[in-house]
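Structure first, then comments.
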Amino acid sequence: GDSVTQMEGPVTLSEEAFLTINCTYTATGYPSLFWYVQYPGEGLQLLLKATKADDKGSNKGFEATYRKETTSFHLEKGSVQVSDSAVYFCALKISGTYKYIFGTGTRLKVLA
Amino acid sequence: EAQVTQNPRYLITVTGKKLTVTCSQNMNHEYMSWYRQDPGLGLRQIYYSMNVEVTDKGDVPEGYKVSRKEKRNFPLILESPSPNQTSLYFCASSSGLAGGLIVHEQFFGPGTRLTVL
């Protein structure tokens with residue numbers, strides 16, 4: 001069945017370091033892909049999305065490109081800040097349905 | 001302010017005692033959904049609703065019921081809660097997904113932490 005696999009955390013980085021959080025998926029058809037972020041004690045917020053192959057989603061310095069050939073949607077940021085510390089979830093919407101699949105989440109901790 | 005609200009935010013109950021977690025959104029969204037979040041498992045979809053009186057099962061519907069009598073409300077009902085339903089629950093809503101071609105972000109509520117003893 002459809003699934004999302006993302007790298008286990010926690011990921012600990014120093015401020016201004018480069019961030020990559022890997023996400024790969026298994027799905028039939030053409031799913032839409034998302035990254036959500038969850039700050040402590042809060043619900044999830046959409047960070048970025050991509051709806052078709054080669055689309056690049058971007059927001060707040062974060063980027064991810066929908067790679068159909070490698071079934072990946074890796075999250076990147078060139079220079080992280082302490083305020084980026086949170087849990088990041090990769091997710092997909094199954095093509096032709098209203099069902100969503102989320103990854104297990106990756107906790108990011110950025111040290112000053 | 002556009003928001004999704006959930007009540008209660010925290011609940012401790014005992015096995016078998018029926019409970020309802022309410023969810024309400026003020027954005028006139030057609031789509032609403034319930035998730036549970038468990039350590040190491042991420043978020044898993046319980047039920048979703050495409051519009052009033054239209055609901056369907058997600059990946060983990062067992063032990064849960066939902067109803068969608070009004071567009072703004074989507075309560076989650078646990079008829080006979082069990083300890084394995086101890087979890088953090090999130091409600092989310094989204095605008096129209098007509099034809100599945102237009103994808104809109106989901107707006108999440110703040111979560112309800114449920115403990116079943």
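Lettering follows sequence order; numbering is per chain, from 1.
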Just wondering, do A/Q38 and B/Q37 contact through their side chains at under 4.5 Å, heavy atoms? yes
In the single-linkage hydrophobic clustering (I, L, V, M, F, W, Y; side-chain heavy atoms under 4.5 Å), do A/Y25 and A/I101 co-cluster? yes
Quick check: is B/V66 connected to B/V21 through a chain of hydrophobic side chains (ILVMFWY, heavy atoms under 4.5 Å apart)? yes
Measure the CG-CD distance between A/L48 and B/E105 for me, rounded to the nearest 0.5 Å. 11.0 Å
Should A/F62 and A/W35 be regarded as members of a common hydrophobic cluster, given that ILVMFWY residues are connected when their side-chain heavy atoms come within less than 4.5 Å of each other, either directly or indirectly? yes
Around atom CZ of B/R9, are there more than 12 heavy atoms from other residues, nucleotides or ligands closer than 6.0 Å? yes
Checking B/Y35 against chain A: side chain, backbone, both or neither under 4.5 Å from a heavy atom? side chain
Taking atom CD as the centre, does B/Q3 end up with more than 12 heavy-atom neighbours from other residues, nucleotides or ligands that are less than 6.0 angstrom away? yes
Check this for me: A/Y39, atom OH, are more than 12 non-hydrogen atoms of other residues, nucleotides or ligands nearer than 6.0 Å? yes
Out of curiosity, B/Q106 CD to A/K93 NZ, how far, rounded to the nearest 0.5 Å? 10.0 Å
If you group Ile, Leu, Val, Met, Phe, Trp and Tyr by side-chain heavy-atom gaps below 4.5 Å, do B/F74 and B/L11 land in one group? yes
Against chain A, residues from residues 38-59 of chain B with at least one heavy atom under 4.5 Å, in numeric order, are B/G40, B/L41, B/G42, B/L43, B/Q45, B/Y48, B/M50, B/K57, B/G58, B/D59
Could you tell me which of A/G105, A/G43, A/S95, A/A91 has the largest number of non-hydrogen atom pairs under 4.5 Å with chain B? A/G43
Looking at A/E69, I'd like to know if its CD atom is crowded, meaning that more than 12 non-hydrogen atoms belonging to other residues, nucleotides or ligands lie closer than 6.0 Å. yes
Distance flag, aromatic centroids of A/Y36 and B/F108, threshold under 6.0 Å: yes
Are A/L44 and B/F107 co-members of a hydrophobic cluster defined by side-chain heavy atoms under 4.5 Å apart? no
